[in-house]
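Position 1 is the first residue of the sequence; numbering continues from there. These values consider heavy atoms only, across backbone and side chains, with no hydrogens, waters or symmetry-generated copies. As the structure is a computational prediction, the values presented were derived from the model and not from experiment.
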Amino acid sequence: QVQLVESGGGLVQPGGSLRLSCAASGSIRSIYVMGWYRQAPGKQRELVAQINSGGRTNYGDSVKGRFTISIDNAKNTMYLQMNTLKPEDTAVYYCNRKGLAGNFWGQGTQVTVSS
């Protein structure tokens, strides 16, 4: 199995920045799709950004131009750089990994954007 641990969430003012991290461990395979999802109270979980093992990225429309997803393969860690944050970005952010071993989720990290 794969274990995923998110970190880096917190409280930030509108217009500010945060960087989230997702550390992967366990049965790590070379072919995968990893992504960041978020869920705000009363709303469905939505895709924020994803990246596959070939380096191809995809972003949700609401975060294009503001968020950047990346992976440091040497550290088995995925990042989400979030810039120009808005109150509507407030949510619990979850790390996800899909591959031959299965579909795995982290525990989530809270991001709150407020003055």
(message) I'd like to know if the side chain of Asn96 reaches the main chain of Phe104, judged simply by a donor and an acceptor atom lying under 3.5 Å from each other, with no hydrogens or angles considered.
(response) yes
With rounding to the nearest 0.5 angstrom, report the [atom1] to [atom2] distance, [X] to [Y].
X: Met34; Y: Ser70; atom1: CE; atom2: OG; result: 11.0 Å
X: Gln110; Y: Leu11; atom1: CD; atom2: CG; result: 9.5 Å
X: Ser114; Y: Leu85; atom1: OG; atom2: CG; result: 12.0 Å

Is the shortest side-chain heavy-atom distance between [X] and [Y] below 4.5 Å?
X: Arg66; Y: Lys86; answer: yes
X: Val12; Y: Met82; answer: no
X: Val63; Y: Arg38; answer: yes
X: Ser30; Y: Ser53; answer: no
X: Trp36; Y: Glu6; answer: yes

(request) Report the relative orientation of the aromatic rings in Phe67 and Tyr93; use parallel for angles under 30°, tilted for 30 to 60°, perpendicular for over 60°. (result) tilted
(message) Tell me whether Gln1 at atom CD has more than 12 heavy atoms from other residues, nucleotides or ligands lying less than 6.0 Å away.
(response) no
(message) Can you confirm whether Gln39 is buried at CD, in the sense that more than 12 heavy atoms of other residues, nucleotides or ligands lie under 6.0 Å from that atom?
(response) yes
Out of curiosity, does [Y] fall in the hydrophobic cluster containing [X] (side-chain heavy atoms, cut-off under 4.5 Å, transitive links)?
X: Leu47; Y: Val92; result: yes
X: Ile69; Y: Tyr37; result: no
X: Val113; Y: Leu20; result: yes
X: Leu4; Y: Ile71; result: yes
X: Val48; Y: Leu18; result: yes

(request) Determine, for Lys64 against Asp61, whether the closest basic-nitrogen to carboxylate-oxygen distance falls under 4.0 angstrom. (result) yes
(request) Please confirm whether Arg19 makes a cation-pi placement over Tyr79, using NZ or CZ under 6.0 Å from the six-membered ring centre and within 45° of the ring normal. (result) yes
(message) Using every non-hydrogen atom in the two residues, find where Ala49 and Tyr59 come nearest and quote the distance to one decimal.
(response) CB-CD2, 3.5 Å
(message) If you compare all heavy atoms of Gln81 against all heavy atoms of Asn83, which two are closest, and at what distance to 0.1 Å?
(response) NE2-OD1, 3.0 Å
